[in-house]
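These numbers come from the heavy atoms of this one structure, side chains and all, not from hydrogens, waters or symmetry mates. All values derive from a computational prediction rather than experimental measurement.
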Amino acid sequence: MPNLQPPRARSVLSLDDVSRSFEGPEGPIQVVSGVSFELPRGATVAITGRSGSGKSTLLNLCAGLDSPTSGRLLVEGEDLDTMGDAQLTLLRRHKVGLVFQFFNLLSTLTLRENVMLPGRLAGRPIAELRREANELLDLMELSHRASSTPEVLSGGEMQRCAVARALIHRPALVLADEPTGNLDSHSAARVLDLLVALPAERGAALLLVTHSPEVAARADRHLRMSDGEISEEDAVAFR
């Protein structure tokens, strides 16, 4: 039986025996199987594994973009399985920041406007958002690009903008899917420095999916997935 006791108060993310299967032509296909771990505030967990091992599906479950077939998944103590679509949308707007492999910036908006967008959707005052977006762009070394649109940016610049966008609403949980996968080594190192440091400084937790052992080595805890299961773990005491 899974342990369904309340998670530790300091946990931003808690998974208890979480599984996800999909119906296939010959019956259910198990994509995530019995995954359990907790992610404390200020900590980073990296998940590695081969393509098809279930990493991205697990990340979608943590974001409330998909629902577990069984098990329990909580973000800041809130059980995602009890929420409807509207509640899950509000959860993502206020408590979850998403960083995608392919940036997903809106081409018709400037960098500042892209960064401000999640805060606008959450209903924060425009003046406050503009001030914080400028601060984040400065931290990302993108102040000189604030009024530019994404097509003039390098891959590293677009990903740094995407990280700023994920942090603008001060989420408790930041989820990153292959955040350095399309970057050269210099840009990847810069993005990773910011992605690991800023959520921790803000008291958030970071869960990232990566194929890179170098990226995983920067995390406090390294989980390996194989065939939907956590098969091996390298853990350092959470700071």
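At least one side-chain heavy atom of Phe37 sits under 4.5 Å from a side-chain heavy atom of Leu15. In this structure the side chain of Thr44 reaches within 4.5 angstrom of the side chain of Leu208, judged on heavy atoms. A heavy-atom distance below 4.5 Å is not found between the side chains of Arg120 and Arg93. Proximity of Met83 to Glu78: side-chain heavy atoms (C-beta onward) are separated by under 4.5 Å at one or more points. Annotation: side chain of Leu88 is in contact with side chain of Arg92 (closest heavy-atom distance under 4.5 Å). Side chains of Ser21 and Thr69 form a contact here, defined as non-hydrogen atoms less than 4.5 Å apart. For the pair Ser70 and Ser19, the minimum side-chain heavy-atom distance is below 4.5 Å. Taking 4.5 Å as the limit, every side-chain heavy atom of Gln101 sits out of range of all side-chain heavy atoms of Thr180.
One finds the OG atom of Ser187 at 10.5 Å from the CE atom of Met158 (value rounded to the nearest 0.5 Å). Between atom CZ of residue Arg124 and atom CD1 of residue Ile168 there is a gap of 5.5 Å, rounded to the nearest 0.5 Å. Between Ser154 atom OG and Asp184 atom CG the span is 8.0 Å, to the nearest 0.5 Å. A distance of 9.5 Å separates CG in Leu98 from CG in Asp177, rounded to the nearest 0.5 Å. Glu151 CD to Thr108 OG1: the interatomic distance, rounded to the nearest 0.5 Å, is 10.0 Å. Annotation: the span from Cys161 atom SG to Gln159 atom CD amounts to 9.5 Å, rounded to 0.5 Å.
Note on Leu139 and Val191: same hydrophobic cluster, where clusters join Ile, Leu, Val, Met, Phe, Trp and Tyr whose side-chain heavy atoms are under 4.5 Å apart, directly or indirectly. In the hydrophobic clustering of ILVMFWY residues, with side-chain heavy atoms under 4.5 Å counting as a link, Leu117 and Val115 come out apart. Under the 4.5 Å side-chain heavy-atom criterion for grouping Ile, Leu, Val, Met, Phe, Trp and Tyr, Leu106 is connected to Leu121 within one hydrophobic cluster.
Only one option out of Leu58, Asp66, Val35 pairs with Arg20 in a side chain to side chain contact (heavy atoms under 4.5 Å, CB included); it is Asp66.
Nearest approach of Ser212 to Thr210, heavy atoms of both residues: N-OG1, 2.9 Å. Residues Gly42 and Asp220 share a closest heavy-atom pair of O-OD2, 4.4 Å. Among all heavy-atom pairs drawn from Pro150 and Asn114, the shortest one is CG-ND2, 4.0 Å. Residues Thr149 and Leu111 approach most closely at C-CD1, 4.3 Å, considering heavy atoms. Val32 approaches Gly54 most closely through the heavy-atom pair CG2-O, 3.8 Å. Pairing each heavy atom of Gly97 with each of Pro171, the nearest pair is N-CB, 3.5 Å.
Under 4.0 Å is where a charged nitrogen must lie from a carboxylate oxygen, and between Glu141 and Arg190 at least one such pair does. At a threshold of 4.0 Å, the pair Glu229-Lys55 does not count as salt-bridged, since none of the basic side-chain nitrogens sits closer than that to a carboxylate oxygen. Taking a cutoff of 4.0 Å between a charged side-chain nitrogen and a carboxylate oxygen, Arg130 and Glu113 do not qualify as a salt bridge. Between Arg72 and Asp79 a salt bridge is recorded (basic side-chain N to carboxylate O distance below 4.0 Å).
His94 contributes no side-chain N or O that, together with a main-chain N or O of Arg170, makes up a donor-acceptor pair within less than 3.5 Å.
With no hydrogens or angles considered, no side-chain donor-acceptor pair links His211 and Thr48 at under 3.5 Å.
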Glu132 and Leu129: side-chain contact (heavy atoms from CB on, under 4.5 Å), yes or no, with the steps?
-> CA-CA 5 Å; Glu132 185 152 357; Leu129 278 175; 5.8 Å; no
Residue pair Ser147, Arg112: steps toward the side-chain contact (heavy atoms from CB on, under 4.5 Å) verdict | CA-CA 6 Å; Ser147 298; Arg112 185 186 292 109; 3.8 Å; yes
Stepwise side-chain contact (heavy atoms from CB on, under 4.5 Å) test for Leu175 and Val99 = CA-CA 6 Å; Leu175 303 172; Val99 181; over 6 Å; no
Residues Arg131, Ile126; criterion side-chain contact (heavy atoms from CB on, under 4.5 Å); working and verdict = CA-CA 9 Å; Arg131 182 171 63 253; Ile126 298 296; over 6 Å; no
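Heavy atoms from other residues, nucleotides or ligands lying under 6.0 Å from NE2 of His186 number 12 at most. Remark: Asp227 CG is loosely packed, at most 12 non-hydrogen atoms of other residues, nucleotides or ligands lying under 6.0 Å away.
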